[in-house]
Every structure is written in structure tokens, then in C-alpha cells.
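Here's the structure, in C-alpha cells; my notes come after.
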Protein chains: 2
Amino acid sequence: MQLYLEKLKEGGLKLTPRRQAIIEFFVDGKSHLTPEEVWKKLKKRFDRCGLPSVYRNLESLVKCGILTKIQQFDRKKHYGLCSAVHGDYHHHHITCIECGKVDEIKDCAIGDAKKIKGYKVVSHFIQVNGICADCSRG
Amino acid sequence: MQLYLEKLKEGGLKLTPRRQAIIEFFVDGKSHLTPEEVWKKLKKRFDRCGLPSVYRNLESLVKCGILTKIQQFDRKKHYGLCSAVHGDYHHHHITCIECGKVDEIKDCAIGDAKKIKGYKVVSHFIQVNGICADCSRG
DNA sequence: CCTCAAATAGAAACTATTTCTGTTTATTAT
DNA sequence: ATAATAAACAGAAATAGTTTCTATTTGAGG
Ligand SMILES: [Mn+2]
Ligand SMILES: [Mn+2]
Ligand SMILES: [Zn+2]
Ligand SMILES: [Zn+2]
């Protein structure tokens, strides 16, 4: 948690009880969560808490590098703990479609390619969906 | 257009005026479009036309292989002409963030990898955003 | 032509997200 | 400790994109 505190401070963000709880959800759960899922968990701990705050907090936590957005094919936003918090490196994610666990893919084919097919590459996105070893055994 | 007719028939879909127009938008425009953008163009040609039909048609055209979904980071759906219509092969897309043009990336790092990091790979998604040669020139 | 499944418009519902306003809270400086 | 200040917050309302529903129309095949 110390590490996250530093990241927050770096980003000029306060450590609030809600924020701390949100970070814990991701650290403990080891899976990605939607804003609504975070909200449901949060409501168990706090009498009053608003969904807009959850949205704001998740975005803040992405900005300061604690969380990462995970693009899925539904219309919801998904967030996961970005282990690049342990040192910043370029990576993408693989997600288990059964249990929602998120792992990292460290080698990326696009990598730091400056040009592809005559295009100046600005950004890229890779998402792999699969079934993790645990769920395969199950 | 003959090619598209065949694809439609294969998929058990009728050739309707609206469908034909939609295909033309993509063939002529050479860029990806959102349902709303398609709708706006369609309304210029047809007095009466409904947005739900546009959504339905775009999905139908994906199913029969004429269009492909292009995932962007906004909340809208994006569709583009899938040139794999000229023969089915695995590919992804690169999009120009200036003009919206879509090109194909034929070699894919994930390709037919069956396993990554212990995960049984089910699906994957790659999207590259850049600035095309034309737009780079200014 | 006739038939019938497929396609359609338009209205209404829905869902996820964002904006707004006034209040509360955590940090920092006294 | 206490005060000042900027950030975080709840709750209500608004928005945007998409989907569902129902009754009507249309195109393809016989
Ligand atoms: Mn990560
Ligand atoms: Mn394609
Ligand atoms: Zn799993
Ligand atoms: Zn371009």
C-alpha cells in the first residue's frame, strides 16, 4: 500500500478512505472491475457513496498509474491494477473470460514501431482473452 | 458490388435499397463510420429511415463478412469495410486519427498462438491508431 | 401475382456515463 | 491545535449511445 500512497502523492491526489478501499478491491481481488462493481463493493463499507465519485476515482487512479483501463467488447469500462506500478514498462493484458483475472503480456509486436504501412503510429491497443490455467483445470 | 451481393446471399440477407446505400458509403468513403454517421448519410437519400434499422443492418453486414467492427476508445461503435471480403484471412486494422481511413495489418503477433502465459487463447484484438501518409504530408 | 419471412419506422425503454450544485473532508500552513 | 484551501464527495439530473417493441411494408422465391 505504501507504493500506492507514493503514486497518489506524485499525482497530487489525496488518500481518502474511499480511494484506499478501491485500491484494496483491486489488490485483493486480482481481477478487473467495472465502475458498477466497484460501487457495489464500496457501498458495503460506506453508508453513503456516490457512483460519480467512483467514476472520478477510477480515472484519477489511472492517471497516476495505479490502475489501467482494460478494453472489453461490452459497453462498460473495465479497470485493473496495473502492475507496471512496479516500474514503468510497455505492456498489454490477457484476461480470463471465466474468472476475470488479468495478467500481463510483456512482449509486444507493435512495441516502439514508429511506422506501420506508411502510418505514423500514435497509439495501439492489444487485448487477449483466454482461459487461465486455474479455470482450465476446473 | 457483385461481390457484396454474393456475400449477402450467402448470409441469407436481402439486398434492400438501404443496405445497398450503406455498403456504398463504406466503399466510396474508404473510412470507418459510426451508426450515427451512417444514419445521417442515409437520411439524405431516403425520406424515412430509422436509426434502429441502421444498427441492425450494420450488425448483419458484419455477420456476413462485409463489414468489420473497429474498436475505438470512445463509447461509439465503429464499422469499416472488411477487405477480407476478398478472401478470408486473419488480420487487424490501422486507423488514421486524422481522416479516419482504415488499412489492414496482415501479420499478427498473436496469430494462431494457442497459449500465452498459460492461458488458452480464445480471442484477441489489436487496433493501431496513427496518421496516414496523406495526412502526414499535410 | 402470391406468399411469407425479413426488413423497416417510430416510439419508447434502457444503460452506462457525465455534468452540476452544494456540502464535506484531507492536507497544509499557521 | 486551528484555520484556510483545494480536492473529494453525494445525490439529483442530464446526456448519449444503443436496444427493444409493435405494427406496417417490402423483396425474393414459388
Ligand atoms: Mn498492467
Ligand atoms: Mn479488414
Ligand atoms: Zn480464469
Ligand atoms: Zn489519414
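Note that the structure is predicted; figures quoted are calculated from it, not measured. All chains are named by letter (A, B, ...) in the order of the sequence lines, taking the proteins before the strands, and each is independently numbered beginning at 1.
Two residues are said to be in side-chain contact when any heavy atoms from C-beta on lie closer than 4.5 Å; B:Val38 and B:Tyr55 fail this criterion. Using a 4.5 Å heavy-atom threshold, the side chains of B:Asp103 and B:His93 count as separate. A:Thr95 is listed as a side-chain neighbour of A:Gln127, based on a closest heavy-atom distance under 4.5 Å. Contact check for B:Lys77 versus B:Gln71: no side-chain heavy atoms found under the 4.5 Å cut-off.
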Side-chain donor/acceptor pairs under 3.5 Å, residues 58-65 of chain A, sequence neighbours excluded:
residue	atom	partner	partner atom	Å
A:Glu59	OE2	A:Lys69	NZ	3.3
A:Glu59	OE2	A:Tyr79	OH	2.5
A:Ser60	OG	A:Arg56	O	2.9

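One can place CZ of B:Arg19 at 7 Å from C1' of C:dA7, the figure rounded to the nearest angstrom. Following rounding to the nearest Å, B:Trp39 (CH2) and C:dA9 (C1') show an atom-to-atom distance of 11 Å.
Here the side chain of A:Arg19 pairs no donor or acceptor atom with the backbone of A:Asn57 at under 3.5 angstrom. Using modelled atom types, one side-chain atom of A:Glu37 and one backbone atom of A:Thr34 make a donor-acceptor pair closer than 3.5 Å. Between the side chain of A:Glu36 and the backbone N or O of A:Leu51 there is no donor-acceptor pair closer than 3.5 Å.
The shortest distance between the side-chain N/O atoms of B:Thr16 and the OP1/OP2 oxygens of C:dT8 is below 4.0 Å.
Mapping B:Gly12 and B:Arg18 onto DNA chain C via the closest heavy atom, the residue that lands nearer the 5' end is B:Gly12.
The overall bend of the helix from C:dC1-D:dG30 to C:dT30-D:dA1, read as the angle between its terminal helix axes built from five base pairs each, is 40° when rounded to 10 degrees.
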- Each nucleotide of nucleotides 12-25 of chain C classed B (base within 4.0 Å of a protein heavy atom), S (only sugar-phosphate) or -, in 5' to 3' order, makes ---BBBBB-----B
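Pairs engaging residues 41-54 of chain A under the salt bridge (charged side-chain N to carboxylate O under 4.0 Å, His left out) rule: A:Glu24-A:Arg45 [sequence neighbours left out]. Listed by first and then second residue, the ring pair (Phe, Tyr, Trp, His ring centres under 6.0 Å) pairs involving residues 11-45 of chain A are A:His32-A:His78 (not counting sequence neighbours).
Protein chain B contacts DNA chain D over a range whose 5' and 3' limits, counting nucleotides with an atom under 4.0 angstrom from a non-hydrogen atom, are D:dG17 to D:dA28.
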